[in-house]
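Below, read A as the first sequence line, B as the second, and so on, with proteins coming before strands; counting in each chain starts at 1.
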2 protein chains.
Amino acid sequence: MSATNPGSRPGLSREVVAERAVALGDAEGIEAVTVRRLARDFGVTSMALYWHFRTKDDLLAGIGDHILDAVEVPDPSGDWAADLRATMIALVTALRPHPQLAPLVTVRLAEHPHGLALTERGLGVLVEAGFDPETATYLALHGLRVALATVAPPEGDKRGSLSAEEMDAGVRHKTAALGALPPQQYPTLVAHAPVIANTLCRDEDTTMLIDVFVAGVQAMSARLR
Amino acid sequence: MSATNPGSRPGLSREVVAERAVALGDAEGIEAVTVRRLARDFGVTSMALYWHFRTKDDLLAGIGDHILDAVEVPDPSGDWAADLRATMIALVTALRPHPQLAPLVTVRLAEHPHGLALTERGLGVLVEAGFDPETATYLALHGLRVALATVAPPEGDKRGSLSAEEMDAGVRHKTAALGALPPQQYPTLVAHAPVIANTLCRDEDTTMLIDVFVAGVQAMSARLR
DNA sequence: ACCTGAACACCGTTCAAGT
DNA sequence: ACCTGAACACCGTTCAAGT
């Protein structure tokens, strides 16, 4: 009931801290999300946070949960392929504002109510499509991972903490690097160096990648008959 | 020429250190791969490693390169879909022995010769399949990520440093957790709790997931005509 | 119930110095 | 060219103590 009494004690709580952690991670990247840094921002000792979170992993779980809170679980339509797609889009929509933090939701998919709802829906439509439970589980798990991969920057990527000029410099550098490759060995890379470099550094078209997955599952399903 | 003179000085080198780092990461997980720990194992100061690696990121790059060394780039067959599949299988085959370290190769795909060769092949077959360079880049990049996702354990997963008993305990715990969910809300999860829990905790069938991706790309390609 | 203070065992990294 | 020693600025976490 008393979340942030103005002018009084910090009034920490799981949600308040998680929200701030998300803001910090969005702004400065996941490696900036540190117990000590967070405490400093709240004007509080590091150990104050340990009253609300058992461990740092627990704090990261809080971040994942906070992101999953925003998921809007779609209603079933009767068309299983459309429902599969809608499920993935629902996840991606919630993750999109937090590309740097998206990986943190993976572990929470089997815990958070919305994560469970998406998993249930994904599994349900796949069983409906004719897959046995084991294969359906593989596909559902992978489908959620594909959704994640479409919003998260590649592993080890530093962008997000990069300015527009730095990104442009990155694109030019990459273009030059690709263009300098031996053309007989790497004809495609050399021929399309500029567009490839730009594509590698910019956002991806997530919708198409989800459509590829759904189309693949449809093809597999058709082979079952 | 002088790599490990028996009985003499440590004889460190980029390759020797990277190889040890891979062994350590495979055995104890990526978070065990630490500059200080590695130095201790070599009986050497931490700073000794900084002669061979500019920074820790550079060391991680060395790990990625060492893994990519094992890639056998397949010969083209003329069938673009088969070639796309072979490219992904080639990557997965090299990554499979090092599930915990697989994410480290992502950044090296555009640097290491074998990574470039796989990227070139992937892009080439997709352009051949009728996609414009930008779409082909999206798809190639994502295809390599899919390959990665099929071997790497889910984000935040601790298995690999788990014993067989601990994993069985995990499966039982997960089964119980899923089985305890409200059945009217999560009918599929409850109905197949044991097989789902087991599937979630064991290795995935990577081949099928790659086939799903290839089938999806084939479907997209067919829609282009 | 909620937070502080001091301490422990770790990190990556710099810089001057040794051989 | 290759490695050491000492130091700096960080981590997560425990544990006893305060209010």
Separation of dA9(D) C1' from E31(A) CD (nearest whole Å): 17 Å

d(CZ, R40(A); P, dA9(D)) in whole Å: 14 Å

Any T55(B) side-chain nitrogen or oxygen under 4.0 Å from OP1 or OP2 of dT13(C): yes

Phosphate OP1/OP2 of dC3(D): any H52(B) side-chain N/O under 4.0 Å: yes

Whole-Å distance separating the CG atom of L60(A) from the C1' atom of dG12(D): 12 Å

Nearest-angstrom distance from the residue atom NZ of K56(A) to P of dC11(C): 15 Å

Phosphate contact (dC10(C) OP1 or OP2) by T34(B) side-chain N/O below 4.0 Å: no

Q184(B) atom CD: more than 12 heavy-atom contacts under 6.0 Å: yes

Shortest non-hydrogen contact between A90(B) and E72(B), atoms and distance: CB-O, 3.7 Å

Nucleotide dC11(D), atom P - distance to CZ of R37(B) in whole Å: 24 Å

Polar side chain donor-acceptor pair, H98(B) to D26(B), under 3.5 angstrom: yes

D168(B)/R172(B) salt bridge by N-O under 4.0 Å criterion: no

Rounded distance in Å - OH (Y50(A)) to C1' (dC15(D)): 13 Å

Minimal non-hydrogen separation, S46(B) against V35(B), with atom names: O-CG1, 3.8 Å

Length of the line joining L38(A):CG and dC11(D):C1', which is rounded to integer Å: 14 Å

Modelled atom types, side-chain donor and acceptor of D58(A) and H52(A), under 3.5 Å: no

5' precedence on DNA chain C between R36(A) and A48(A) (nearest-nucleotide basis): A48(A)

Residue among D69(A), D57(A), D65(A) satisfying salt bridge (Lys or Arg N to Asp or Glu O under 4.0 Å) with R108(A): D65(A)

Contact nearer the 5' end of DNA chain C, comparing W51(A) with M47(A): W51(A)

Secondary structure string for DNA chain D (Watson-Crick or G-U under 3.5 angstrom, | for other-strand pairs): ||.|||||...|||||.||

L49(A) CG - dG12(D) P separation (whole Å): 10 Å

